[in-house]
Amino acid sequence: MTLFLRRTLPLLLTFLFGVAFAAQYYIPHPVSEGALTEISVWLRIILGFAMILGIASLCQVHYAKIRTRVAGWGYSLVVYLSMLITVAVGFWAGGQETGTGLGWVYTYTLLALQGTMFSLLGFFVASAAFRAFRARSKEATVLLVAAILMMFGRVPLGEYLVPAAGPLAGWLLNVLSLAARRGILIGISLGGIATSIKIIFGIERSYLGGRE
Amino acid sequence: MPGDSGGSVGLSWRAAPFNGPALRYQVFFGEQERGPYTQLAEFPANSHYKSDADRPWWSWDRTKNVHFYQVKSTRTLNLVNGRPYFFKVALTDGTQSLEGPVRSAVPEPNLFNWNKANNLLLMIVFSTLVLISISQAKRRPNIFLRRIPGLDAVEEAIGRATEMGRPILYLTGSDDMSSLSTIAATVILGQVAKRTAALDTQLKVPHRDPIVMAVCQEIVKESYLEAGRPDAYREDSNFFITSDQFSYTAAVDGIMLRERPAANFFMGFYYAEALLLAETGAGTGAIQIAGTDADLQLPFFITTCDYTLIGEELYAASAYLSREPVLVGTLRGQDQGKAFLLISMVIGTILATIGAFTGTQAFVPVLQLFRDFK
Amino acid sequence: MRELAGKLLRLDRRAIFVLIALATLIPLLYPVGLPIRVSPEVKRVFDHIESLPAGSVFLLSLDFDPASKPELYPMAVALLNHAFRRDLRVVTMTLWVTGTGMAEKVVSGVASEYGKRRGLDYAFLGYSPGGANVIINMGQDLNAAFPADHYGERTADLPVLRGVRSLRQVNYVVSLAAGTPGVESWYVYGKEKYGFELGGGVTAVIAPGLYPFLDTGQINGLIGGLRGAAEYEILIGMKGKGMAGMDAQSATHFIIIGLILLCNLFYVLAPGTVVRSFDPSAPLRTGSAQDRTGSPQEGQR
Amino acid sequence: MATSVLIGAWVAAGLTLFMFSFLYKDNPFFRFGEHLYVGVSMGYTIVRIHYDVMMKSLYGPVAQEGKWWLLVPALLGLLVLTRFVPKVSWLSRISFAVIVGFGSGVAIPRIISSNILQQVQGTLKPLLNAGSSRFGMAELNALLILTGVLTVLVYFFFSIEHKGAIKIAARIGVYFLMVYFGAAFGYTVMARMSLVIGRFDDLILFASRDYAYASLVLLILVTLGLLLWERGRRRAEAVLRPREPRRGTSQREGVRRTA
């Protein structure tokens with residue numbers, strides 16, 4: 001019985017859910033559309049509960065740091081405090097964001113931090129380009145030329161200096177690079193389908209861990 | 001109306017023998033047979049042919065000289081499934097009009113969308129190919145596989161980390177457990193963990209999704225067990241940071257700079273954080289191996305990592321690392337699928353060219369097999 | 001020479017960061033206004049506003065949040081400038097609750113520059129929940145969708161809205177959108193039914209997806225990304241954030257291109273450089289240890 | 001200006017500068033910002049999950065609308081939590097199975113639709129036209145796209161040895177891939193630069209008189225702080241150095257020769 005619960009039941013569920021939701025795509029009936037919406041709510045609820053695992057893990061990692069007083073344990077305290085304060089403010093505001101403390105926290109800390117972290121990409125794009133774009137082989141040269149043409153053609157100054165740069169960049173993007181992207185996508189899709197099939201038929205089961 | 005979820009009615013009628021651009025059709029609708037009728041549409045008599053509809057030949061009669069109009073639910077007109085409605089069509093030249101008979105129709109939801117039959121057919125073909133290849137591979141396991149350079153480097157990277165006494169950082173991507181990329185990444189994690197267990201190297205796997213974390217804990221534990229080193233397994237090698245994209249990125253960047261892992265693995269699906277992670281890692285001098293099917297992020301991994309598994313290679317990687325016949329067979333199946341599509345595209349292009357050159361419609365049915373109908 | 005080449009190749013990446021920061025900051029503070037070609041889809045929005053007689057009703061919906069501010073905020077400024085200059089009756093609102101504060105700031109800011117009075121020359125209706133449903137509501141009864149404006153005054157009493165009972169009396173609507181609800185919602189739930197003219201302004205990511213709408217005339221014009229904003233600023237003869245941003249874009253792009261070219265020049269000069277031919281075993285390897293710039297803590301190597 | 005806005009501007013400007021200091025190197029300001037970010041984002045997620053998922057999607061529908069079947073995902077969620085109890089932790093597999101099964105099932109037809117059918121359909125274009133030009137720009141593009149797709153696909157063949165014609169095709173495929181990677185990289189630069197512009201815009205705004213010169217003051221403070229920190233660190237290192245020579249790079253290059 002436990003063997004059934006431990007191994008057969010999970011595999012059976014995977015099979016049933018896999019087949020059902022593959023079939024769902026071909027069934028236009030409202031019931032089938034409804035099932036898809038319903039299950040996405042289900043996944044959110046499951047994730048909601050699972051988040052407790054995540055919170056526990058986060059707290060554990062930082063608790064261990066504080067307890068053993070490893071270098072920089074004070075920062076772990078920052079994590080704890082900022083998390084608790086945000087939760088407290090959030091519940092105080094009843095989850096509402098307009099004109100509440102939660103809205104303030106969101107606008108002035110989260111948005112600022114997120115925007116800045118995201119904008120670091122602008123700098124990293126430059127340094128990655130500088131390091132990687134070197135004509136060290138024929139392939140790397142092609143990479144380099146394509147990138148430069150693209151950058152040149154995308155800004156007003158480039159287009160002003162060489163009027164053909166804009167259309168050329170567009171052609172590069174819509175023809176040559178589109179072709180490669182299509183090839184990659186078709187390849188990915190076959191790999192994805194094969195993986196899905198293996199999972200549905202229980203051939204690939206490592207995600208279940210354990211072999212009992 | 002075939003292939004819909006109900007809430008609409010398709011009207012078709014034979015064209016009048018005296019069609020012309022000056023004549024116009026009017027479509028009327030009524031909730032009762034006696035009326036009142038309201039006009040829904042009016043269009044020139046030489047338009048709205050049934051053959052104009054963008055539908056495949058296998059689910060749609062494409063004969064000429066039949067007019068077609070689809071009545072859909074809108075905000076003002078609500079067609080309820082299972083209830084009869086009444087329609088009539090009139091032909092008018094502006095002064096006179098000729099009314100057709102009243103017809104009733106009941107909107108019904110369908111159980112199968114025949115427009116998508118080619119999709120289903122492809123799914124069956126590919127599934128069969130994969131399953132057959134797997135069973136063949138089980139019988140004859142020695143299939144040739146070309147090298148994937150990034151995978152040779154996996155061993156090297158782990159070896160180097162061991163030599164330097166530094167940890168290995170492994171990321172499983174930003175998607176949740178239902179994404180195929182994540183599943184592929186966790187499978188590769190299992191193989192990497194086996195090596196780290198054997199060499200006694202520290203493995204660090206920071207997570208964004210608690211369920212992926214739980215699954216990875218199982219997988220890593222299992223790998224250590226298989227490698228005969230359950231004692232070396234640490235529950236905290238998989239840990240959770242936060243589900244938020246950029247705070248996760250900031251924290252992982254921090255780990256890279258402070259704990260200086262000797263090797264970074266970026267497997268799975270990534271969004272904009274790809275470059276933030278890989279460029280920081282490149283700055284620390286770690287060996288970096290990426291594998292992703294996020295086509296938009298590939299350029300950034302290519303430029304910042306030592307090795308990158310491109311797209312499909314991510315799925316193939318687990319087969320290479322384990323050499324299990326099942327997985328190798330899958331690759332064989334994928335290759336056959338690719339060959340099939342490749343040949344189809346060559347033949348399809350030739351047919352399309354002949355079609356455009358001679359103006360014949362003869363090949364349209366073949367080409368429609370490879371079209372995506374909704 | 002060779003030494004210099006080697007040094008440049010190992011350039012600390014923080015030097016690049018400084019260059020990028022300067023190339024962004026300087027044009028933002030002192031915009032040059034490099035020439036930009038105005039695309040027809042932006043021109044059509046401009047032309048339409050230009051063709052409206054003074055006193056026409058112009059509705060601007062700011063459907064974005066602070067995350068898309070860099071691209072859409074300059075558009076809002078340019079459009080408001082144009083509308084106030086043309087003495088249109090300007091009605092503004094937002095469908096994104098997170099964008100309310102920002103929208104209020106830009107509207108009242110530009111209005112005060114032109115000495116326009118709230119309620120008399122312009123209105124900010126604020127946010128109303130319901131997404132696309134708000135548009136349907138507005139089409140039926142504007143006062144029902146927004147009983148009061150953002151500041152709590154009854155919309156029915158606002159002089160600027162005199163004679164405007166629903167979207168039917170609005171002459172031109174522009175939605176500046178960073179997603180859904182946005183331009184598409186305004187088309188599907190508004191224009192199709194209530195027959196006003198509609199224009200759109202969107203982020204560069206969304207713009208390509210809206211070109212089909214432009215072709216079919218579902219929207220009469222489209223302003224795409226920071227570049228679109230800059231083009232609009234050119235049309236109204238204003239040196240704003242969009243143009244400054246485009247200058248910064250040009251500057252950073254050219255710095256990156258320049259660095260890459262320079263670095264490749266030196267790479268050829270540097271000792272031990274061989275242009276490798278194709279090596280199938282490692283076709284995509286691009287980094288090797290000797291090319292790594294120093295990491296912050298291993299800077300002096 | 002409201003006090004909360006003024007304080008907010010100072011906090012936002014400060015945190016922005018803290019995160020930017022990462023470009024210099026890892027430092028206490030960045031570490032503080034990073035940990036604060038993790039804490040706040042986790043706290044925010046907890047609040048959102050409580051209100052949007054637990055209350056709005058679960059409690060509300062079950063208690064008020066009587067949608068009892070939503071208790072099933074709640075049960076599956078609880079099963080995930082059995083991982084806290086090693087003895088019954090295998091129960092969590094049931095939930096994993098549902099998630100993974102759903103994901104694989106949903107994926108197949110959609111992948112076929114968008115990644116196979118739509119891509120193949122876009123490739124099947126006539127290479128000659130019936131018009132007078134026979135072979136124009138559109139046809140050339142169609143030919144190039146077809147060549148690119150085919151050769152890239154050949155590159156991805158795993159079970160065929162790359163030699164002879166296959167090798168040539170795969171190599172052309174590699175060139176197409178390189179064009180794609182280069183062009184996609186160059187294309188993205190612009191979008192990324194707008195992000196920098198956006199942040200700088202905010203900093204410039206906060207540097208104005210209205211915000212009491214927040215960014216300027218904070219910039220000076222952070223720079224001073226970094227200088228002090230560097231000095232302190234140098235001193236500490238000077239004490240440590242004789243005992244612990246740094247040898248990271250040379251050792252690394254030794255290993256790298258095998259690469």
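Residue numbers begin at 1 in each chain, while the letters A, B, ... track the order of the sequences.
When each of A/P28, A/A128, A/A22 is checked for heavy-atom pairs under 4.5 Å with chain B, A/P28 comes out on top. Ranked by heavy-atom pairs under 4.5 Å with chain B, the list A/L121, A/I27, A/V61 is led by A/L121. Of all the listed residues (B/T186, B/T242, B/L276, B/T249), the one sharing the greatest number of non-hydrogen pairs under 4.5 Å with chain A is B/L276. Options B/N119, B/V326, B/I241 differ in how many heavy-atom pairs under 4.5 Å they form with chain A, and the most are formed by B/N119.
Of the atoms belonging to A/I200, not a single heavy atom falls under 4.5 Å from chain B. A/I184 touches chain B through its side chain: at least one heavy atom from C-beta onward sits under 4.5 Å away, while N, CA, C and O do not. Proximity to chain A (any heavy atom under 4.5 Å) is restricted, for B/S243, to the side chain, taken from C-beta onward. B/L120 touches chain A through backbone and side chain together, each having a heavy atom under 4.5 Å away. Of the atoms belonging to B/L131, it is side-chain heavy atoms, and not backbone ones, that fall under 4.5 Å from chain A. Interface remark: B/L331 contributes no atoms to any contact with chain A (heavy atom separation under 4.5 Å). Both the backbone and the side chain of A/V125 have a heavy atom closer than 4.5 Å to some heavy atom of chain B. Using a 4.5 Å cut-off between heavy atoms, B/D236 does not touch chain A at all. Both the backbone and the side chain of B/F246 come within contact range of chain A, with heavy atoms under 4.5 Å apart. For a residue to count as touching a neighbouring chain, one of its non-hydrogen atoms must lie under 4.5 Å from one of that chain's; by this rule A/L190 touches chain B with backbone and side chain alike. In this structure, chain B has no heavy atom under 4.5 Å from any part of A/Q60. For A/L58, the parts lying near chain B are the backbone and the side chain together; criterion is any non-hydrogen pair under 4.5 Å. B/L111 touches chain A through backbone and side chain together, each having a heavy atom under 4.5 Å away. In this structure, the portion of B/F126 lying under 4.5 Å from any heavy atom of chain A is its side chain and not its backbone. Heavy atoms closer than 4.5 Å to chain A are found nowhere in B/L314, neither backbone nor side chain. Neither the backbone nor the side chain of A/F123 comes within contact range of chain B; no heavy atom of the residue lies under 4.5 Å from a heavy atom of that chain. Heavy atoms of B/N115 lying under 4.5 Å from chain A are absent altogether. Proximity to chain B involves both the backbone and the side chain of A/S127, based on heavy atoms less than 4.5 angstrom apart.
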Passes side-chain contact (heavy atoms from CB on, under 4.5 Å), A/Y26 versus B/M123? Steps please.
-> CA-CA 12 Å; A/Y26 306 102; B/M123 173 163 92; 4.0 Å; yes
Go through the steps to decide whether A/I193 and B/V130 satisfy the test side-chain contact (heavy atoms from CB on, under 4.5 Å), and finish with yes or no.
-> CA-CA 9 Å; A/I193 293 169; B/V130 169; 5.8 Å; no
Which is it for A/L185 and B/D295 under the side-chain contact (heavy atoms from CB on, under 4.5 Å) test, yes or no, and what are the steps along the way?
-> CA-CA 8 Å; A/L185 282 179; B/D295 57 321; 4.1 Å; yes
Can A/M117 and B/D253 be said to form a side-chain contact (heavy atoms from CB on, under 4.5 Å), step by step?
-> CA-CA 11 Å; A/M117 206 56 211; B/D253 279 356; 3.8 Å; yes
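For CZ of B/R234, the number of neighbouring non-hydrogen atoms (other residues, nucleotides, ligands) closer than 6.0 Å is 12 at most. Atom OH of A/Y63 has 12 or fewer neighbouring heavy atoms from other residues, nucleotides or ligands inside a 6.0 Å radius. In B/W114, the CH2 atom is not crowded: 12 or fewer heavy atoms of neighbouring residues, nucleotides or ligands sit closer than 6.0 Å.
Put simply, the side chain of B/D176 does not reach to within 4.5 Å of the side chain of A/L47, judged on heavy atoms.
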